[in-house]
Protein chains: 2
Amino acid sequence: MIVDRNSPVPQYFQIQTWLREQIEQGVFRPEEKVPTEEELVKITGLARATIRQAFANLTNMGYLVRKRRLGTFVTLHSHSSQTKNIVGVIVPDIRSGYTPELARGVEDEAAKNKFSTILCNTDDLFVKADFHADRLLENSIGCVVFVPTAAPDEKNRIIIEKFRKRDVPIVLADRLIPNLDIDYVTTDNFEGAYGLTKYLIEKGHTRIGITLSTLFNTERLRLEGYQKALADSNIPYDPTIVALNDGPFNEKYYLQVARTLLASEKKISAIFAGHDRIAYLIYSVAKKMGISIPNDISLIGYDDLHPTIPNSVSLTTMHQPIYEMGQESLKILISRIKGETTTTQQIVLKSHFVERTSVISRKIT
Amino acid sequence: MIVDRNSPVPQYFQIQTWLREQIEQGVFRPEEKVPTEEELVKITGLARATIRQAFANLTNMGYLVRKRRLGTFVTLHSHSSQTKNIVGVIVPDIRSGYTPELARGVEDEAAKNKFSTILCNTDDLFVKADFHADRLLENSIGCVVFVPTAAPDEKNRIIIEKFRKRDVPIVLADRLIPNLDIDYVTTDNFEGAYGLTKYLIEKGHTRIGITLSTLFNTERLRLEGYQKALADSNIPYDPTIVALNDGPFNEKYYLQVARTLLASEKKISAIFAGHDRIAYLIYSVAKKMGISIPNDISLIGYDDLHPTIPNSVSLTTMHQPIYEMGQESLKILISRIKGETTTTQQIVLKSHFVERTSVISRKIT
DNA sequence: CAATTTTCATTGTCTATACAATTGTACGAT
DNA sequence: ATCGTACAATTGTATAGACAATGAAAATTG
């Protein structure tokens, strides 16, 4: 039954809601005809005027178009006013890590295409991402750049689905979600980490500690690159010098790991930090502990963040083209909007090695 | 006669048009009550449902608000294109300085009020600000947080006027424009700089170099605070140890200044850097030159930026509540939109002194 | 005088009915 | 084939009447 005559909610409102849901769920598709007034009168047993009121409201809301003699039809364009030249950028926190660089890359490319950029911070939380997704859809944005949150993949898929249902092009940036046919732009984390590890090995390091978070596929790939490089050089993988965190970035955790790894100085000669922020934390702990980088321990990072203080430390790292990642993401979206692209775009940008002075050669023992 | 029953134009449409004209011509004024349905039934001789249809349309068009038991009223706001729940944030560059913190403050407060945040980078250029202003207005945003560009005041006023003409509330953040009756949120730069200088003087420093840009009133005020503190302690102002830049932040300029100031070590015992980024540059130059901070020269900054590397340097500085500045800006805008505020809001937030270890006491010579 | 209840004007919801206007389709005439 | 005309389906306009819900104001109560 569509309408409950005993419900306190008005009957016209009940059919109205029912119809709207049918349309949103695609039961009645755009351009398609919905039942006529008389048909609905028969189905529901309500008066025609009641049906008309529901129809009038939905017409006003842009869901329906009525044509004399022909019937009532679902509107083609997703009933809210035509999509705007706005791109939503959903990131963990505009204040941290590479996020400002990414946002700027998106914004610059957006401005070139006369798009505005709506910024959304999720703090890596699903609820915040969900909140922003609804808000973005309300504003009938044209497309979305999404950095998945630290929530499980299914949760991130819910967000993605929200946009897809409304035919809003979406591209994932940096972090990926496995087994999903979706546009994305990321960097070659596996190859990058492989190269960095190879570099350390070439410099004579055989006992290389590593610490990162396994929550994000980016960092997991770095771990795999590290493992592959060790294996290719016949160096056994030693879990005792690997510190894996399964949550988002956590300063306390890494401070603790840094202390432990640096204290085991005799056991390891180099540390592979999952990304530069971790590397910087290790720097600060090393300084406190009186351990010299690189003289006592070599260190490499990943990302190549701009340090606030130029030349204060000189971290050997892998430069990720974050700004370009933002640009590329938007280019894909624009071509989607223009309908120029139909195949899935999955772009892996090349990172490049930045050799500074946080690594020294070690005599092979 | 209001309705002509022989006219081919529908009768509901006739009263609808009549009512709309009455409202537009000011016969029925905003907030005022229009005749009730029954009254119009008597006047026109039409059925109540017909009157209702006219009322329903006008309500939908935003001319009327209906209140049970009370009657039907003319709406206050002009039924033009309703503004969106979007705030525009116009900043120099999301990647640099305190901007991410400001943007986050705005965004968080915006999200609380179910507003979305459009981010615009100007690179301190008028043309880019102008471009973004037009784009924002096209998207019929609800309000704007504007950090004026490095362009002359008249240019920034042009931007401001664009928004004012369209009745879009605007608030200036951090940087101000003189002689303008406008809402703003800034911090107590004069008092802050005065306090910092006093602190240096109390520590026994009498020859204090200073370098900053005179382009922004924020930094000019810091210079004035510095001058006042010197004057209050009867220390003469010496232009030879003052390096003023009249353009936006320029790394090369400050690197040069740092070299000069640090080379004149005998002449000065402390440096007041216009903001932390300059201070960090001075750190890096000092390091290269083998000059120790604070042992050879004391240094203070302004802003209290988070260094990428925790504890890498320990800069004594003035903490500006940037996040709060973003929040406050948005609070003002929301209250403007709600019509709760009519007087100009000019908020000066208190900064607080952060004593770290970049300053040492100096024996009074 | 304050708190509570009742009243009632007004809008909101709903039914039932009738005829008008619009326009695709079908049929027939040219 | 093309034109005109009639038909039918569907939405549009309009009337008349009933009861519900709301909430400010009036009346009543403690």
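- A 6.0 Å sphere centred on CZ of A:Phe73 holds more than 12 heavy atoms belonging to other residues, nucleotides or ligands.
- Distance CZ (A:Phe55) to C1' (D:dG12): 14 Å, rounded to an integer number of Å.
- The side chain of A:Lys67 places no N or O atom within less than 4.0 Å of a non-bridging phosphate oxygen (OP1 or OP2) of D:dA9.
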What's touching nucleotides 13-16 of chain D from the protein side, N or O pairs under 3.5 Å?
{"residue": "D:dT13", "atom": "OP1", "partner": "B:Tyr12", "partner atom": "OH", "Å": "3.1"}
{"residue": "D:dT13", "atom": "OP2", "partner": "B:Tyr12", "partner atom": "OH", "Å": "3.3"}
{"residue": "D:dA14", "atom": "OP1", "partner": "B:Gln11", "partner atom": "N", "Å": "2.4"}
{"residue": "D:dA14", "atom": "OP1", "partner": "B:Gln11", "partner atom": "NE2", "Å": "3.4"}
{"residue": "D:dA14", "atom": "OP2", "partner": "B:Gln11", "partner atom": "N", "Å": "3.1"}
{"residue": "D:dA14", "atom": "OP2", "partner": "B:Tyr12", "partner atom": "N", "Å": "2.9"}
{"residue": "D:dT15", "atom": "OP1", "partner": "B:Arg5", "partner atom": "NH2", "Å": "2.4"}
{"residue": "D:dT15", "atom": "OP2", "partner": "B:Ala47", "partner atom": "N", "Å": "2.8"}
{"residue": "D:dT15", "atom": "OP2", "partner": "B:Thr50", "partner atom": "OG1", "Å": "2.6"}

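- Residue B:Thr36 has no polar side-chain atom (N or O) positioned under 4.0 Å from OP1 or OP2 of C:dA9.
- Between the CG atom of A:Asn6 and the P atom of C:dT13 there is a distance of 18 Å, given to the nearest Å.
- In this structure, CD1 of B:Ile51 is placed 15 Å from P of C:dT10, rounded to the nearest angstrom.
- When side chains are defined from C-beta on, A:Lys155 does not count as touching A:Thr149, because their heavy atoms never get closer than 4.5 Å.
- In this entry the distance linking CG of B:Leu70 with P of D:dA21 reads 18 Å, nearest Å.
- For A:Gln16 and C:dG12, the CD to C1' distance is 14 Å, given to the nearest whole Å.
- Nucleic acid contact for B:Arg66: sugar-phosphate only, since backbone atoms but no base atoms lie under 4.0 Å from a heavy atom of the residue.
- Distance B:Glu38 CD to C:dC8 C1': 14 Å, rounded to the nearest Å.
- Separating the CD atom of B:Glu37 from the P atom of D:dG17 is a distance of 16 Å, rounded to the nearest angstrom.
- With hydrogens and angles left out, the side-chain atoms of B:Asn57 and B:Tyr63 include no donor and acceptor closer than 3.5 Å.
- Between the side chains of A:Thr99 and A:Asp93, no donor-acceptor pair of N or O atoms lies under 3.5 Å.
- Taking atom CZ of B:Phe73 as the reference point, atom P of D:dA24 lies 11 Å away to the nearest angstrom.
- Residue pairs meeting the salt bridge (charged side-chain N to carboxylate O under 4.0 Å, His left out) criterion with at least one partner in residues 330-344 of chain A, sequence neighbours excluded, are A:Asp183-A:Arg336, A:Glu328-A:Lys331.
- For the residue pair B:Tyr184/B:Asp174, the side-chain donor-acceptor check at 3.5 Å is not satisfied.
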Check residues 113-120 of chain B and write down every donor-acceptor pair under 3.5 Å in which the side-chain atom is one partner and the other belongs to a residue at least two apart or another chain.
{"residue": "B:Asn113", "atom": "ND2", "partner": "B:Glu109", "partner atom": "O", "Å": "2.9"}
{"residue": "B:Ser116", "atom": "OG", "partner": "A:Asn139", "partner atom": "ND2", "Å": "3.1"}

